[in-house]
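Here the structure is laid out as structure tokens; the discussion comes afterwards.
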Amino acid sequence: MLRRTFLLGAGAAALPAHGAAPWRLATGYRAESFHGQNLLALARGVEAATGGALRIELHPNGTLAPLAQILPAVRDGRAEAGETIMTGLAAELPIAGADAVPFITRHYDDARRLWTHQRPLVEPAFAALGLRVLYAVPWPPQGLYSTRPIAVPQDLRGLRMRTYNATTVRIAELLGATPVDVPMLEVGRAVAEGRIDAMITSAVTGVENRVWDGLKHYYDINAWFPKNIVFAREAALRALPDTARDALAVGAAAAEARGWAASQVAARESVEELRRHGVKVDLPPAALATHLRRLGERFALEWIRAVGPQANAIFIPYYSSSTT
Ligand code: PCA
């Protein structure tokens, strides 16, 4: 690390902005995950492209601010940039909650179209807070984990279901489960200690938290594709030399493309990894699937009511652009 800094320093000695304080990029997730690796690649790319004029330092695991505080931390200047999960912003920015409306995105192509129509609404909402959207990348589709088989919807009643924000709390309530808030970094421990009976999250999150000793069943319900969004403070961007700002924009576009591809690879590989560790991977039984869809519709109506006309601005073009 020292050596790399030294080499970059020597090569970039003539650049005026070299030596500026590095940007702090705060995330609530792990550096080792595919999202974190993508952020590190962005940081390395931008540092190289600017000859060190813009260095980005990753603060993972909620060390700079816990997940729910990342947006305020960047807005208030405690970090120059941040990564958070969009569904976690639904209370302040309802349009960001489109990410967790269940069963409207069937695959990555749908998720990509959703982002195409959501982005033009999310950007001004961020701009109103003095923030600029850099890119967004989805987690793999959300599946249902359980300690025991779920044959009928009633089997979910009263189960302690791990949730990760207000949106997932509402989904647990609609399922008749008892929500238990567990940040992603603590999922492994919560499972090992027997504090949860079920959860809805991606296969990759199950793998990274090694949940297989407790959660033996995974139903591929393909419920939604929540996205992490990476953003910067407008004032910090304006303080950059033009070349660094351009390099960041180019790096962000590349990170978005790379991240979507990495998510798809992680989706495939992690379901296999769950299987290898003895997790029974199934499609949901018919009665459960029908029930989940009905709850999905109810959630969608609640969401539309909360969002108002902007819901049309996203879903009319989203559904009209569907070719299937
Ligand atoms: N993993 C994160 C968010 C969505 C996902 O797949 C979590 O479980 O907290």
Side-chain angles (χ1 to χ4, degrees), residues 26-39 60-62 65-71 82-91 96-105 107-108 111 114-115 136-146 160-172 175 177 179-192 195-212 214-215 218-230 259-260 262-274 279 281 299:
T27 177
Y29 297 109
R30 297 184 174 101
E32 300 76 24
S33 76
F34 75 92
H35 287 295
Q37 290 298 304
N38 198 23
L39 287 171
N61 299 332
L67 188 62
Q69 290 302 312
I70 287 185
L71 187 145
E83 177 192 49
T84 193
I85 184 162
M86 282 190 18
T87 60
L89 306 173
D99 270 38
V101 178
F103 309 120
I104 58 169
T105 45
H107 37 54
Y108 276 90
L114 182 67
W115 179 225
V137 165
W139 290 89
Q142 305 291 284
L144 171 67
Y145 293 81
S146 168
R160 295 164 301 168
M161 179 173 272
R162 178 256 167 174
T163 54
Y164 55 77
N165 53 33
T167 314
T168 46
V169 166
R170 183 64 191 134
I171 288 167
L175 291 169
V180 182
D181 177 50
V182 181
M184 193 186 92
L185 303 169
E186 288 164 32
V187 165
R189 188 143 41 96
V191 171
R195 284 191 275 123
I196 56 177
D197 311 306
M199 66 177 177
I200 297 182
T201 186
S202 55
V204 74
T205 291
V207 167
E208 288 183 357
N209 288 286
R210 310 179 66 83
V211 301
W212 34 75
L215 299 172
Y218 177 81
Y219 296 97
D220 203 354
I221 62 172
N222 203 23
W224 66 90
F225 290 75
K227 292 186 289 290
N228 277 5
I229 187 159
V230 178
W260 282 72
S263 179
Q264 273 175 277
V265 172
R268 268 197 308 275
E269 290 181 349
S270 46
V271 171
E272 282 316 307
E273 181 87 6
L274 288 177
V279 174
V281 176
F299 184 94

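Read the numbers this way: they start at 1 and go in the same order the structure lists the ligands and their atoms. Quick note: numbers below take in every heavy atom, side chains included, and nothing from hydrogens, waters or symmetry partners.
- Residue contacts with ligand 1 for Gln142 involve side-chain atoms from C-beta outward but no N, CA, C or O (heavy atoms, distance under 4.0 Å).
- Considering both main-chain and side-chain atoms, Tyr164 never comes within under 3.5 Å of ligand 1 through any nitrogen or oxygen pair.
- Of the protein's non-hydrogen atoms, Ser202 OG, 2.6 Å is the one closest to atom 6 (O) of ligand 1.
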Inset, instruction - Run the numbers on Thr87 and Asn165 for side-chain hydrogen bond (donor to acceptor under 3.5 Å, both in side chains), then give the verdict. - result: CA-CA 7 Å; Thr87 60; Asn165 53 33; 2.6 Å; yes
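- Closest protein heavy atom to atom 1 (N) of ligand 1: Thr205 OG1, 2.7 Å.
- In this structure, the separation between CG on Leu89 and CD1 on Ile229 is 7.5 Å, given to the nearest 0.5 Å.
- Considering only non-hydrogen protein atoms, atom 3 (C) of ligand 1 sits nearest to Ile85 CD1, 3.5 Å.
- For Tyr29 and Trp139, the ring centers sit closer than 6.0 Å to each other.
- Without hydrogens or angle criteria, Asn228 side chain to Glu83 main chain gives no donor-acceptor distance under 3.5 Å.
- Remark: ligand 1 and Thr201 share an N or O pair separated by less than 3.5 Å (distance only, no angle test).
- No donor-acceptor distance shorter than 3.5 angstrom exists from the side chain of Ser270 to the backbone of Glu273, with no hydrogens or angles considered.
- Scanning the protein for heavy atoms near atom 9 (O) of ligand 1, the closest one is Arg162 NH2, 2.8 Å.
- Rounding to the nearest 0.5 angstrom, the gap separating the CD atom in Glu32 from the CG atom in Asn61 is 7.0 Å.
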